[in-house]
Amino acid sequence: MTSAVSGMLATIPSPDQGVWHLGPLPIRAYALCIIAGILVAIWWGDRRLVARGGTKGTVSDVAVFAVPFGLVGGRLYHVATDYYRYFGEGKNPLDALKIWDGGLGIWGAIALGAVGAWIGCRRRGVPLPVFADAVAPGIVVAQAIGRLGNYFNQEIYGAPTDLPWGLEIYRRETENGVADMLTGVAVDHTPIMVVHPTFLYELIWNLLIAAVVVLLDRKLRLGHGRAFAVYVAGYTLGRCWIELMRSDDATHVFGVRINVWVSILVFLGAVAYFVLARRRGDREVLVSAPVAEDEGDGGHARAGDQDGEKEQDSRPGDELSAAAEQNQRH
């Protein structure tokens, strides 16, 4: 390994640490990345929903429900599929509650987050498919930002490699010299191994999928949850091959990592939904409505392009109202 490392043209160094302390308060890079991703998703999703005729601030209101549900769902999925980390001889089940130490499963986050989003959408009078289409690219960008947290934690990497972009993994220690890869600090920058940065592969893939969602949405004017289906199908397609490259411990089913099987099933479901939802017609026309008696001005916002530039709707008012009424039924 030493000769392989010395022969490399370049490698990617890992951060010395992923946790800093302000007195007794730990500042965790993983948590900061998750928070940053959520903020980006809310900001971009709100712009896209407003462009479709929604009310500004709706996404942040729905996020009050969706985000906590998503975090709980993500943690539950992680604990269920990686149960051996928390249960069994020598394990502490209470560690399953330590979400700040990393470990969120995207499938659980999406599933339970959708329940929270449904609750928030009902309170705001917004159809869930419209909301999902608006936030789709922001969610996958948030996932990309979250992968930076894995970089700071020195996790989610693949097998050893001698490629120029290999990731250096350092031994981290506590102040007492005890090895602690998560909360320790690297005092020696001689890598103990150089590996495939699969977290980086997924980060790049996620950004590409966000671009694909936006471009297809512009060209095809996707509605009825089809933009969200593009995101899910694209993400799972990449997750399959990236997951197969990872070398960390994982639950296996028939000799294959469980997340590969889940990715395949979710991919097929997303493709089927994308095809079948086409029968529901053109993109929904969302009419903004006040959420309380003292809110709103009674005006109707027009639906427009998904990236924040509203376009004119030339249909008569009675057709607009009919479309909005149909939209609310969906």
Side-chain angles (χ1 to χ4, degrees), residues 4 8 10-12 14 30 33-34 37 41 73-74 77-78 80-82 84-85 102-111 113 136-169 193-217 226-275:
M8 288 185 179
T11 52
I12 303 174
S14 288
Y30 181 82
C33 290
I34 295 296
Y77 180 90
H78 167 74
T81 55
D82 289 5
Y84 54 86
R85 300 177 186 270
L104 291 173
I106 184 61
W107 313 121
I110 293 295
I139 289 178
V140 73
V141 168
Q143 290 176 238
I145 296 172
R147 283 305 182 204
L148 289 174
N150 302 132
Y151 171 56
F152 281 94
N153 281 0
Q154 288 195 139
E155 59 187 4
I156 315 299
Y157 52 76
T161 181
D162 58 359
L163 292 172
W165 55 84
L167 176 69
E168 297 179 356
I169 300 298
M193 56 181 169
V194 178
V195 295
H196 278 284
T198 50
F199 81 89
L200 179 60
Y201 299 161
E202 186 172 327
L203 186 157
I204 295 172
W205 180 265
N206 287 349
L207 295 179
L208 291 175
I209 294 304
V212 169
V213 172
V214 170
L215 291 175
L216 287 180
D217 204 11
R226 297 178 77 213
F228 191 83
V230 171
Y231 143 61
V232 173
Y235 172 74
T236 51
L237 184 64
R239 181 64 184 265
C240 276
W241 64 268
I242 295 171
E243 187 75 20
L244 289 171
M245 296 181 67
R246 287 172 54 173
S247 60
D248 53 315
D249 293 335
T251 301
H252 286 71
V253 177
F254 300 117
V256 179
R257 297 169 70 96
I258 189 172
N259 282 331
V260 174
W261 290 115
V262 175
S263 294
I264 293 172
L265 293 175
V266 175
F267 171 81
L268 294 175
V271 172
Y273 181 89
F274 181 84
V275 174

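Counting from 1, the numbers follow the sequence of the chain as shown.
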Exercise: identify the closest heavy-atom pair between H78 and G105: CB-N, 4.0 Å

Validation row: D217, V230 side chains within 4.5 angstrom (heavy atoms): no

Closest non-hydrogen atom pair between V271 and A233, with its separation: CG2-CB, 4.2 Å

Distance under 6.0 Å and angle within 45° of ring axis: R226 vs F274: yes

Any side-chain donor near an acceptor of the partner, E168 and T11, under 3.5 Å: yes

Min side-chain heavy-atom separation L148-L203 under 4.5 Å: yes

Validation row: D82, T251 side chains within 4.5 angstrom (heavy atoms): yes

Test log, rule side-chain contact (heavy atoms from CB on, under 4.5 Å), inputs Y151 and R147: CA-CA 7 Å; Y151 171 56; R147 283 305 182 204; over 6 Å; no

Check against side-chain contact (heavy atoms from CB on, under 4.5 Å), E202 and Y235: CA-CA 9 Å; E202 186 172 327; Y235 172 74; 3.0 Å; yes

Nearest non-hydrogen partners of C240 and S263, listed with the distance: SG-CB, 3.5 Å

Partner residues of R246 under the salt bridge (Lys or Arg N to Asp or Glu O under 4.0 Å) criterion, sequence neighbours left out: E243, D248

Sole residue of W165, Y157, Y201 in side chain to side chain donor-acceptor pair (under 3.5 Å) with H196: Y201

I156 backbone acceptor or donor facing T198 side chain under 3.5 Å: yes

L167 vs S14, side-chain contact (heavy atoms from CB on, under 4.5 Å): CA-CA, chis, key distance, verdict: CA-CA 7 Å; L167 176 69; S14 288; 3.6 Å; yes

A210 versus V140, closest heavy-atom pair with distance: CB-CG1, 3.4 Å

W205 side chain reached by L200 side chain, heavy atoms, under 4.5 Å: no

Test side-chain contact (heavy atoms from CB on, under 4.5 Å) applied to Y77 and N259, step by step: CA-CA 11 Å; Y77 180 90; N259 282 331; 2.7 Å; yes

Minimum heavy-atom distance A136-A227, with the two atoms named: CB-O, 4.0 Å

Over all atoms of both residues, closest heavy-atom pair of G149 and C33: N-SG, 3.5 Å

Contact check, side chains of F199 and Q154, non-hydrogen atoms, under 4.5 Å: no

Separation between CD1 of I12 and CD1 of I169, rounded to the nearest 0.5 Å: 10.0 Å

Heavy-atom check, side chain of Q143 versus side chain of I106, under 4.5 Å: yes

Note, V194 side chain near D162 side chain (heavy atom, < 4.5 Å): no

Side chain proximity check, W107 to T236, heavy atoms < 4.5 angstrom: yes

